[in-house]
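Here the structure comes first, spelled out in structure tokens, and everything after it is commentary.
Whatever order the structure lists ligands and atoms in, that order sets their numbers, starting from 1.
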Amino acid sequence: MKTLVLTEDEIRIAAAILRRGEPVAMPTETVYGLAAPIFDVNAVKKIFTMKGRPSDNPLIAHISSLEMAGQIAGSLPLPFFLLADRFWPGPLTLVVPKAREVPREVSGGSDTIGIRMPCHEAALALIEAVGQPLVAPSANISGRPSPTSAKHVLEDFEGNLSALIDGGPCEHGIESTVLSLIGPIPMLLRPGSIEREELEDVLGIEIEEAGSDAPLHSPGMKYRHYAPKAPIEIVFSPEEIQNSFVISKEAIKPYLHRPLNARHLYAHLREADAIGADGISVLLDPISAKNTALMNRLSKAAGK
Ligand code: TXA
Ligand code: MG
């Protein structure tokens with residue numbers, strides 16, 4: 001099949017394809033998502049097959065209004081409304097009890113559901129046009145770096161995907177912060193551009209952070225992630241660099257240099273593979289080392 005590349009003005013075509021039961025890739029402010037209507041079990045199953053995603057790894061539901069959250073969640077706690085009011089639309093996923101009506105395939109058998117309202121006009125318009133929440137994992141083959149441009153989506157799915165909306169490069173470049181509101185104290189399951197301190201400011205309490213037992217809380221955390229084919233070595237001084245493809249704050253001669261930041265990290269990892277680099281050296285600077293979300297993705301990509 002030829003993958004149809006749509007513009008942001010062609011939302012109605014994308015919505016029609018989704019209503020026919022075919023997944024469509026859509027841009028968001030974080031990374032591109034592979035979308036399907038939440039109540040279409042067959043389309044949801046197609047997403048797992050296309051990505052090669054383990055069936056116990058739950059999908060995030062994307063909504064365009066708070067009413068939609070009411071349709072797919074059970075009881076919603078007060079922190080949900082405080083955080084939604086402050087950060088939505090935006091890169092924050094809130095895990096809450098799931099409504100019984102939502103197919104169990106969506107949540108990998110769990111009775112919870114992750115919900116977010118993306119901050120991207122095309123994604124919001126698409127959800128509106130389909131008239132129900134869209135589940136969307138990142139639009140990459142499982143284990144590969146997430147896609148932050150339409151080109152990346154095609155690298156993984158050209159010929160195996162009906163349509164893709166090209167919304168340009170993603171603003172944040174890494175996936176949303178995931179916060180569970182299931183236990184008595186909110187728990188950070190995945191760091192992202194909305195930081196722990198910002199969440200704590202709104203809630204007025206300290207939140208927990210999922211440690212080495214994270215797989216218990218967030219199945220996705222136990223799988224290898226964000227990894228290019230080329231091995232990554234993280235180094236702390238230019239003398240330690242072993243590869244000619246270098247990601248660092250400042251350029252270092254004579255290496256091929258790409259700037260180190262969350263927004264472009266995945267694009268650089270994909271580029272290294274595209275040009276056949278046999279290894280990637282990431283030179284950490286003190287400021288980048290303090291960026292929790294960047295460090296989380298880097299260490300996973302490096303297989304740590
Ligand atoms: O920014 C994002 O979140 C992107 C865009 C497309 O919205 N989506 C994304 O989806 O990153 P995905 O499927 O690649 O990652 C979702 C993560 C996984 O680690 C999954 O285990 C966790 O969120 N998650 C989803 N629902 C959950 C739930 N009910 N309970 C615990 N963890 C959940
Ligand atoms: Mg993903």
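Checking Val178, Val31, Leu34, Leu179 against atom 23 (O) of ligand 1, the nearest heavy atom belongs to Val178. Among Pro58, Pro97, Ser142, the residue whose heavy atom sits closest to atom 28 (C) of ligand 1 is Pro58. Which of Cys170, Ala25, Ser176, Pro137 comes nearest to atom 10 (O) of ligand 1 through a heavy atom is settled by distance: it is Pro137.
The structure places CG of Leu256 at 11.0 Å from CG of Asn243, a figure rounded to the nearest 0.5 Å. The distance from the CD atom of Glu29 to the NE2 atom of His120 is 8.0 Å, given to the nearest 0.5 Å.
With sequence neighbours excluded, the residues that form a side-chain hydrogen bond (donor to acceptor under 3.5 Å, both in side chains) with Glu128 are Ser64. Partners of Asp40 according to the side-chain hydrogen bond (donor to acceptor under 3.5 Å, both in side chains) rule, which considers only residues two or more places apart in sequence or in another chain, do not exist here.
Considering backbone and side-chain N/O atoms, Glu175 never comes within less than 3.5 Å of an N/O atom of ligand 1. Polar contact with ligand 1: present for Thr112 (N/O pair, distance under 3.5 Å). For ligand 1, the polar-atom distance check finds no N/O of Thr28 at less than 3.5 Å from any of the ligand's N/O atoms.
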Residues 82-106 side chain polar contacts: donor-acceptor under 3.5 Å, at least two apart:
unit_1	atom_1	unit_2	atom_2	d
Trp88	NE1	Leu92	O	2.8
Thr93	OG1	Ser176	OG	2.8
Lys98	NZ	Val102	O	2.5

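In this structure, the side chains of Asn57 and Ser142 stay at 4.5 Å or more apart for every pair of heavy atoms. The closest side-chain heavy-atom distance from Pro147 to Ser138 is below 4.5 Å. Looking at heavy atoms from C-beta onward, Glu209 lies in side-chain contact with Arg196 at the 4.5 angstrom threshold. At a threshold of 4.5 Å between non-hydrogen side-chain atoms, the residues Ile38 and Ile113 count as touching.
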Carefully, step by step, assess Glu233 and Ser281 under the rule side chain to side chain donor-acceptor pair (under 3.5 Å).
CA-CA 5 Å; Glu233 54 152 18; Ser281 291; 2.4 Å; yes

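Scanning both residues, Phe245 and Ala277, for their nearest heavy atoms gives CB-CB, 4.1 Å.
Applying the 4.0 Å criterion to heavy atoms of Asn57 picks out, from ligand 1, the atoms 18 (C), 20 (C), 21 (O). Close contacts of ligand 1 with Val95, meaning ligand atoms under 4.0 Å from a residue heavy atom, involve 28 (C), 29 (N), 30 (N). Close contacts of ligand 1 with Ala136, meaning ligand atoms under 4.0 Å from a residue heavy atom, involve 6 (C), 8 (N), 10 (O). In summary, the atoms of ligand 1 found under 4.0 Å from a heavy atom of Leu189, numbered by their order in the structure, are 31 (C), 32 (N).
Only the backbone of Ile113 comes within 4.0 Å of ligand 1, judged by heavy-atom distances. With a 4.0 Å cut-off on non-hydrogen atoms, His62 touches ligand 1 through its side chain and not its backbone. At a heavy-atom cutoff of 4.0 Å, ligand 1 is contacted by the side chain of Arg53 but not by its backbone.
Using modelled atom types, one side-chain atom of His257 and one backbone atom of Ser248 make a donor-acceptor pair closer than 3.5 Å.
For Arg116, the closest heavy-atom approach to ligand 1 falls below 4.0 Å.
Ion pairing of Arg116 with Glu175 is absent here, as no side-chain N (NZ or NE/NH1/NH2) approaches a carboxylate O to less than 4.0 Å.
Closer than 2.8 Å to the Mg ion (ligand 2) sit the protein N, O or S atoms Ser138 OG.
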